[in-house]
Amino acid sequence: MSLTKTYDVFIAYHGSYDPEGARTYADKVYEYLNDECKLKCFYFPKSSSDIYKANMLEVMRSRVFLLVCTDGLHRLKSGKIDPVHHHELATEIDAFYAMTQMGEANVTDAKVVVCGEFRKGDEEHIHELFANRTHFYYDENSIDQLYQWVLSRLDASSTWQQTQITHEIQAVFATRAAMNQSCKINDLVAQAKSVRVVGISNSEMTARINPDAIINCIENGGIIEMIFLDPEGEFTKKREQEENLRQDRIKIITQVNIGTACTFYERMTKNRENFTLYKYDKQPRMNMIFVDDKLILQYYANNIPGIQNPTFLVERQSNSPVYEFCEKVYAYLKESAVALEVD
């Protein structure tokens, strides 16, 4: 379920005609947040001309929920709000709580504004929505703190919404060969400041790349790391079985590619320390080539060679959860990897 969040704040209260009710305090909260702070608030006495009812839709359209209450609030022995005396109010709270459980709002987007002689701590028992958090005790000084809290929650909500959508996927290719026709890896690597590679045999960066691109990168101050699946390891054997290959097929290809990488090292005339090779022995799940802020990404399917898998071109942006996730995977694999001798 997805609803447009029309209101910044839903202000709930109890007792319109009860001298011990919270209407007077709720009026002040509304006037401050709506009129002075220019937030868009739903508050029944000001926002609706309809007969009184539980404002279910308005609750669900709001991003933050405030309950303004006094010690005149009717509660059960457990401390929970009495749904008989406050049917509409209880329904409104339940509606917002239900939205938090559906991911439509974060459960921290709710506060109790305590007015009058309400005993401190009792407000946490009113409803699960308000449990385990610090609430506001109304006075002239605290109302600005309330405003600052609302702003912080609205900002957090906005950031959360933004992080759900990413535009960092620049292209999707049906196969690695299709990617090669579009992405000039030689050019990218030759001019790169940082190249990080992890896969099985890393053929794109050994057997298929122009060696001069690797050498140019290193001799101009770039850094290159390559992490190979250990050709003698357990998971190379398992991958050969998974792809229905003859024994030692991947092992031999990886050994040859490591040897090719060593020949790159031998041709370098400076900055050789910037070129490092590693091996790891874990389940290979992703083939990743990081070139500065670009990432060429493939997932390893169960029984299909990597070269035949779809390939994604990712580019780091201000909001790049995919790129950052892949960096974490790379860091995890490198942490357990063993450096190879290239001399």
- Message: Just to verify, what does Asn186 make a side-chain hydrogen bond (donor to acceptor under 3.5 Å, both in side chains) with, not counting sequence neighbours?
- Response: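 So Asn186 forms no side-chain hydrogen bond (donor to acceptor under 3.5 Å, both in side chains) with any residue.
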- Task: Would you verify whether the NZ or CZ of Lys46 falls within 45 degrees of the ring axis of Tyr43 while also being under 6.0 Å from that six-membered ring's centre?
- Result: no
- Query: Is the cationic atom of Arg272 (NZ for Lys, CZ for Arg) positioned less than 6.0 Å from the six-membered ring centroid of Tyr265 and within 45 degrees of its normal?
  - Reply: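 Satisfied, under 6.0 Å and within 45°.
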Has the side chain of [X] got a donor or acceptor atom that lies under 3.5 Å from a matching backbone atom of [Y]?
| X | Y | value |
| --- | --- | --- |
| Asn202 | Gly199 | yes |
| Glu219 | Met268 | no |
| Glu128 | His125 | no |
| His86 | His74 | yes |

- Query: Any salt bridge between Glu240 and Arg246, counting N to O under 4.0 Å?
  - Reply: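 Result for this pair is no, no salt bridge flagged.
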Sequence neighbours excluded, which residues qualify as side chain to side chain contact (heavy atoms under 4.5 Å, CB included) partners of [X]?
| X | result |
| --- | --- |
| Asp230 | Glu232, Lys279, Asp281 |
| Arg267 | Pro211, Asp212, Ile215 |
| Val329 | Met286, Met288, Phe325, Leu333 |
| Thr24 | Lys28 |

- Task: Following the transitive rule for hydrophobic clusters with a side-chain heavy-atom cut-off under 4.5 Å over Ile, Leu, Val, Met, Phe, Trp and Tyr, establish whether Met205 and Val342 coincide in one cluster.
- Result: yes
- Query: Do Met179 and Ile289 share a hydrophobic cluster (ILVMFWY, side-chain heavy atoms under 4.5 Å, transitive)?
  - Reply: yes
- Query: Which class fits the ring pair Tyr32 and Tyr147: parallel under 30°, tilted 30 to 60°, perpendicular over 60°?
  - Reply: perpendicular
- Ring geometry between Phe10 and Phe65 (parallel below 30°, tilted from 30 to 60°, perpendicular above 60°): parallel
- Interatomic spacing from OH in Tyr13 to SG in Cys69 - rounded to 0.5 Å: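 One finds 14.0 Å between OH of Tyr13 and SG of Cys69.
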- Judged by modelled atom types alone, do Thr254 and Ser201 share a side-chain donor-acceptor pair under 3.5 Å? yes
- Message: Distance alone, cut at 3.5 Å: any donor-acceptor contact between the side chains of Ser47 and Glu58?
- Response: no
- Which pairs with one or both residues in residues 273-293 pass ring pair (Phe, Tyr, Trp, His ring centres under 6.0 Å), sequence neighbours excluded?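 Checked against ring pair (Phe, Tyr, Trp, His ring centres under 6.0 Å) - neighbours excluded - the pairs reaching residues 273-293 are Phe290-Tyr323, Phe290-Tyr330.
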- Query: side-chain hydrogen bond (donor to acceptor under 3.5 Å, both in side chains) between Thr70 and His14: does it pass, once the steps are laid out?
  - Reply: CA-CA 8 Å; Thr70 69; His14 72 97; 3.3 Å; yes
